[in-house]
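One structure below.
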Amino acid sequence: MRAAVIEAPGKVTVATVADPTPGPREVVVDVAACGLCGTDLHILQGEFAPTLPIVPGHEFAGVVVGIGTEVTEVAVGDRVAVDPSLHCHECRYCRIGRGNLCDNWNAIGVSVPGGAAEFAVAPVANCVKLPEHVDVADAPLIEPLSCAVRGYDVLHGNLGAEVLIYGSGTMGLMMLELAKRTGATSVDVLDVNAERLATATTLGCSRAAASADELDQPRGWDVVIDATGNQAAIQDGLGRVAKAGTFLQFGVSDYATRAVIEPYKIYNQEITITGSMAVLHSYERAAGLFATGVLDPKIFISHRLPLEEYPAALDQFKAGVGRKIVVVP
């Protein structure tokens, strides 16, 4: 089969690799579409993936074309979206229900071959059947949505909050959509990319700007969310949190990224600084939300490119062109 392969830091190709074979409790998925994500850029940089080469792609969906000997939950022909999380279920964090912090954390498309290929293998437990009205080619959006759902689990709703989001890429826009549905009284979005910022306006953000200095909010915001991973954005955002407010680090930064905090201010104003790591008991809920139409795929997916153009698709994503880019085997 054909697959994208990140062979070494900075080197990605599309090559012919062996067809996958399912284990007893695994299925083979004929991939309909696979989304690109910032994590894929980190893997290309030599971060996150424990070893290279690797077939990337942790946002994917498709049709089951093969099942293991002990699989009864799905059948050949079922349309599924795949949760990429692979937890050990044995370490302390798994035993206390925090599998996203698993000491032996793995993921499809990060530590084992992923969905940027014609076919991919997944544990049957990670497969969520899709209702007939959901287009399987749109379903790669479920995985990033499940990360956003996890982010709002961490924020505990915050009814009536005034929210500021840094970044209007896919994740920032998803955080916007969920903020609107979790009781925020206002949701402001910042981005230096004018095209992406225009999409935030289309989706109904309260205010859109290139900088928080353009917005009249001297007291700050109750909830500040970084969806960029950018050092300057993070540093600025930490200074925009209102008294008793919360800063959520949601965007994925490079390992070397650093920010300065003000311990006295955190103490004196009871500011919370927290993070949200990947998916935790949120994938099936995200699939349910997606089926209700919480996201409009026509807005969120800006480009559908053939798998053979995976290296160019990564370059386009890195350049900030478009929103969600998916490759189609």
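Model, not experiment: these values are computed from the prediction.
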Whether His42 and Phe48 hold their rings parallel, tilted or perpendicular, with breakpoints at 30° and 60°: parallel
Residues Arg207, Asp216: salt bridge by 4.0 Å N-O rule: no
Under 3.5 Å donor-acceptor, Asp40 side chain and Cys37 backbone: yes
Expected output: side-chain Arg304 to main-chain Val328 donor-acceptor under 3.5 Å: no
Note: Lys324-Asp138 ion pair, threshold 4.0 Å (strictly below): no
Check: Ser146 side chain, Tyr283 main-chain N or O, donor-acceptor pair, under 3.5 Å: no
Connected hydrophobic set around Val28, excluding itself, where side chains approach under 4.5 Å: Met1, Val5, Val17, Val55, Val65, Phe119, Val121
Whether His89 side chain and Cys94 backbone form a donor-acceptor pair below 3.5 Å: no
Atom pair CD/CD1 of Glu7 and Ile54 - distance to nearest 0.5 Å: 12.5 Å
Validation row, ring centre Phe250 to ring centre Tyr166 under 6.0 Å: no
Under 3.5 Å donor-acceptor, Glu118 side chain and Arg2 backbone: yes
pair Val260-Gln235: side-chain heavy atoms closer than 4.5 Å: yes
Minimum side-chain heavy-atom gap Leu190-Ile165 below 4.5 Å: no
Donor-acceptor side-chain pairing of Glu162 and Gln217 below 3.5 angstrom: yes
pair Ile273-Ile261: side-chain heavy atoms closer than 4.5 Å: yes
Main-chain N/O of Gly23 paired with Glu26 side-chain donor or acceptor, under 3.5 Å: yes
Polar side-chain atom of Arg240 near backbone of Val224 as donor-acceptor pair, under 3.5 Å: no
Donor-acceptor pair, side chain of Ser282 and main chain of Val279, under 3.5 angstrom: no
Any donor-acceptor N/O pair, Asn193 side chain to Gly320 backbone, under 3.5 Å: yes
Between Ser253 and Gln231, a side-chain donor and acceptor under 3.5 Å: no
Glu73/Arg25 salt bridge by N-O under 4.0 Å criterion: yes
